[in-house]
Number of protein chains: 2
Amino acid sequence: MAKHTDLLGDSYAPDCPGREILDHVMSKWGMLVLIALLERTYRYAELRRRVGGVSEKMLAQTLRTLEEDGFVLRRDFGEVPPRVEYSLTPMGRQLAKHVEALGMWIATHTPRVLAAREKYRQAG
Amino acid sequence: MAKHTDLLGDSYAPDCPGREILDHVMSKWGMLVLIALLERTYRYAELRRRVGGVSEKMLAQTLRTLEEDGFVLRRDFGEVPPRVEYSLTPMGRQLAKHVEALGMWIATHTPRVLAAREKYRQAG
DNA sequence: GGAAGTACGCACCTTCTGGTAAGTACGGAC
DNA sequence: GTCCGTACTTACCAGAAGGTGCGTACTTCC
């Protein structure tokens, strides 16, 4: 039937799992991590440097949830100075492309949004 | 150069406006409102009924920020029992399509995500 | 031998998000 | 005359998100 209806209808079930997934993906750092991993495989500390400003705790937490959801692949080499590599699963790559598209759209339209805010402020 | 680099590089400026816009769009209700308005124009109370579970406060706040950002058009008829209609601007329609695409992708892949979580739980 | 790097986990604290309940100003229905 | 509906706003409050800093077990660099 109407796709909008279905999406909206499901979206606010009290236990809606889609919303939870979306929160993981669009969380403050989830999006940045996905986009970074679209470039290439990263090690933990590497990724932390790549995504500026993320704390160790939040990076670990973000990677954990993305891994649980099946978007990120964690490869632990079991070596003695720890060595772990993170990459995207095929499903994660698909998702990341969508997320990147949204991010790029926003990035390119940011000036227009800022202009709209100015106009709003003046018009009241 | 590398688009990923640019997107990531800009994304974590301490005052990054793109992140703010993204938060508005992907906030708990922002997404639902955008998708609903993709269907048609709605009045306030109508929209509240359409997007189940949203409080009056949050709907008003969400619509306000989306209007400020230039995604939603608010039309006040100035009548005595108040009458206000909300619709998408052309820019808002573009955005909403991206958001909807992401939402639909997640909706269709939710079973796979849940399966991945099961697997994760069992594997440890 | 002291510092730094690697990949985290844990406790604590602050900030932010979002929900509840009430109020507003008016009109129409019963 | 009392209640419902319309479109909000404001004050208050609880829970969650996220940051800070410390600890770990071991290695390499200087």
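Note that the coordinates shown come from a computational prediction; the quantities given were computed from them, not determined experimentally. Worth knowing before you read on, the calculation uses all heavy atoms, side chains too, and leaves out hydrogens, waters and symmetry mates. Per chain, numbering begins at 1; letters A, B, ... match sequence-line order.
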Whole Å only: how far is the CE atom of A/Met58 from the P atom of D/dG21?
-> 17 Å

Flag the pair A/Arg93 and A/Glu100 as a salt bridge only when some basic side-chain nitrogen lies within less than 4.0 angstrom of an acidic carboxylate oxygen.
-> no

Within a radius of less than 6.0 Å around CZ of B/Arg64, do more than 12 heavy atoms belonging to other residues, nucleotides or ligands occur?
-> no

Has the side chain of B/Arg75 got a donor or acceptor atom that lies under 3.5 Å from a matching backbone atom of B/Arg83?
-> no

Spacing of B/Glu20 atom CD relative to C/dC16 atom C1', expressed in whole Å | 14 Å

Nearest-angstrom distance from the residue atom CZ of B/Arg19 to C1' of D/dG18 = 13 Å

Could I get a table of every N or O pair under 3.5 Å where one atom is in the protein and the other is in nucleotides 6-11 of chain C?
from: C/dT6; atom 1: OP1; to: A/Arg49; atom 2: NH2; distance (Å): 2.5
from: C/dT6; atom 1: O3'; to: A/Arg43; atom 2: NH2; distance (Å): 3.0
from: C/dT6; atom 1: O3'; to: A/Pro82; atom 2: O; distance (Å): 3.1
from: C/dA7; atom 1: OP1; to: A/Arg43; atom 2: NE; distance (Å): 2.9
from: C/dA7; atom 1: OP1; to: A/Arg43; atom 2: NH2; distance (Å): 3.0
from: C/dA7; atom 1: OP1; to: A/Val84; atom 2: N; distance (Å): 3.4
from: C/dA7; atom 1: OP2; to: A/Ala45; atom 2: N; distance (Å): 2.9
from: C/dC8; atom 1: OP1; to: A/Arg74; atom 2: NH1; distance (Å): 2.4
from: C/dC8; atom 1: OP2; to: A/Arg74; atom 2: NH1; distance (Å): 3.4
from: C/dC8; atom 1: OP2; to: A/Tyr86; atom 2: OH; distance (Å): 2.4
from: C/dC8; atom 1: N4; to: A/Glu56; atom 2: OE1; distance (Å): 2.0
from: C/dG9; atom 1: OP1; to: A/Arg64; atom 2: NH2; distance (Å): 2.8

Does a side-chain heavy-atom distance below 4.5 Å link B/Met91 with B/Asp69?
-> no

Distance-only, no hydrogens or angles: does the A/Tyr44 side chain make a donor-acceptor pair with backbone N or O of A/Glu56 under 3.5 Å?
-> yes

Does B/Lys28 make a side-chain N or O approach to OP1 or OP2 of C/dG19 shorter than 4.0 Å?
-> yes

side-chain hydrogen bond (donor to acceptor under 3.5 Å, both in side chains) involving A/Tyr42 - partner list, sequence neighbours excluded = A/Glu39, A/Arg50

Report yes or no: does B/Thr62 contribute a side-chain atom to a donor-acceptor pair with the main-chain N or O of B/Trp29 at less than 3.5 Å?
-> no

Roughly, in whole Å, what's the span from NE2 in A/His24 to P in D/dG18?
-> 10 Å

Could you check how far CZ of A/Arg48 sits from P of C/dG5, rounded to whole Å?
-> 11 Å

Could you tell me the separation between the OG atom of A/Ser87 and the CZ atom of A/Arg74, rounded to the nearest 0.5 Å?
-> 12.0 Å

note: A/Met31, atom CE; D/dA17, atom C1'; distance rounded to Å ~ 18 Å

Compute the angle between the rotation axes at the two ends of the helix from C/dG1-D/dC30 to C/dC30-D/dG1, each taken over five pairs, rounded to 10 degrees.
-> 10°

